[in-house]
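Can you read through this structure? Questions will come right after.
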Amino acid sequence: MKNPVPQAASLLLEKLMLLVHIRTLPAGSGGETPPPAPGYYDTSCFKRGDLLEVPRTLFIHFGIYLGENRVAHLMPDILPAITGDRRQIQQVVTNKRLILGVIARTASVRVDTVEDFAYGGSILVNHMDRLFEAQVLGSEEAPRRAEKLVGTTAYSLLWNNCEHFVTYCRYGAPVSFQTDKFCETVKMIIRDQRSVLASVLVGLASIVCLGLAPSTTLPTIFIPFFLWMAG
């Protein structure tokens, strides 16, 4: 029988990381928030091949600047799996399309304007370069790789997301630091809860095997247990 803990942890990761792309709607809004008008962002400081970051609710969205107000980025999207109409697919991805794309594990590397890519968020430029000091590829290699990958692709929140796409294009290695950090945090929480549960079981065993006084031992044992359950 398979251990259900890794499966449950993976499911938890998938659901929580769904927030990576979801855009917040204003109060009372019945539909999608329209992106800023063209010219909202000053693109004069961007260079072809730059790695752009947009902080969102819990995570960061990434893209590669192609020049002329165009950004290549990987987005989960259900439409490429059900239609070949490029005009429909090229429209700004809504939350409904995004969520269905995550569920179906379908995405596309698409080219959008800076406004559509950032969707009102602030933009950081080449902020990840500090982590890859000697691995930045040539100025043309990153956009060339991004343009070559434009189109439908498989998607995974944990193993093939927008960060994997940009790190492959700009640094030659598909990695996702935010995914790794999130996984380590969840693993740490699971380990902590297991250690507390183990201490409870050891305490109970000591009562049975060593004949310790229940009146003094049980409260000491169950305090961490109740704290674990409350957490």
* Under 3.5 Å: donor-acceptor pair, side chain of Y171, backbone of D129 ->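 Such a contact is found between Y171 side chain and D129 backbone.
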* Asked: Of all heavy-atom pairs between R97 and V93, which one has the smallest distance, and what is that distance?
  ->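 For R97 versus V93, the nearest heavy atoms are NH2-CG2, 3.8 Å.
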* Asked: Which is it for Y155 and M75 under the side-chain contact (heavy atoms from CB on, under 4.5 Å) test, yes or no, and what are the steps along the way?
  -> CA-CA 8 Å; Y155 185 80; M75 284 281 288; over 6 Å; no
* Name all residues meeting the side-chain hydrogen bond (donor to acceptor under 3.5 Å, both in side chains) criterion together with S122; count only those two or more places apart in sequence or in a different chain, and write none if there are none. =>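 Listed in chain order: nothing, the list is empty.
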* **Same apolar cluster (I L V M F W Y, side chains within < 4.5 Å links), I64/I60** =>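 Yes, one cluster joins them.
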* So, D42 and S44: side-chain donor and acceptor under 3.5 Å apart, yes or no? ->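 Yes, because at least one side-chain N or O of D42 sits under 3.5 Å from a partner of the opposite role on S44.
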* Greater than 12 external heavy atoms within 6.0 Å of R130's CZ ->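 Yes.
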* Asked: Hey, does F165 have a side-chain heavy atom less than 4.5 Å from the side chain of T153?
  ->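 No - every pair of side-chain heavy atoms lies 4.5 Å or more apart.
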* Under a single-linkage definition using a 4.5 Å side-chain heavy-atom cutoff for Ile, Leu, Val, Met, Phe, Trp and Tyr, are I99 and I89 assigned to the same hydrophobic cluster? ->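 Different clusters: I99 never reaches I89 through Ile, Leu, Val, Met, Phe, Trp or Tyr contacts under 4.5 Å.
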* Could you tell me whether the side chain of T167 and the main chain of E163 form a donor-acceptor pair under 3.5 Å? =>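 The answer is yes, because a donor-acceptor pair under 3.5 Å joins these two groups.
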* Taking 4.0 angstrom as the limit, do E140 and K148 come out as a salt bridge? ->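 Salt bridge: no.
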* Asked: Looking only at heavy atoms, which two atoms of H73 and G63 are closest? And how far apart?
  ->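 Here H73 and G63 meet closest at CB-CA, 4.0 Å.
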* Asked: Are any side-chain N or O atoms of H164 and backbone N or O atoms of N161, one a donor and one an acceptor, separated by less than 3.5 Å?
  ->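 Yes, because the side chain of H164 sits within donor-acceptor range (under 3.5 Å) of the backbone of N161.
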* Asked: Can you check whether F132 and Y168 have ring centres sitting under 6.0 Å from each other?
  ->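 For F132 and Y168, the ring centres are not under 6.0 Å apart.
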* Asked: Do side-chain atoms of R170 reach the backbone of L137 as a donor and acceptor pair under 3.5 angstrom?
  ->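 Side chain of R170 to backbone of L137, a donor-acceptor pair under 3.5 Å: no, none is there.
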* **Test item: side-chain donor near acceptor, E115 and N69, under 3.5 Å** =>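 A pair is found: one side chain offers a donor N or O, the other an acceptor, under 3.5 Å apart.
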* Asked: Charged N to carboxylate O under 4.0 angstrom, R110 versus D112?
  ->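 Here R110 pairs with D112 in a salt bridge, since their nearest N and O are under 4.0 Å apart.
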* Taking every non-hydrogen atom, the tightest pair across Y119 and D116 ->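 In terms of heavy atoms, the two residues are closest at CD1-O, 3.6 Å.
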* Asked: So F117 and H61, ring-ring contact (aromatic ring centres under 6.0 Å, His included) or not? Walk me through it.
  -> CA-CA 9 Å; F117 162 75; H61 186 48; 5.2 Å; yes
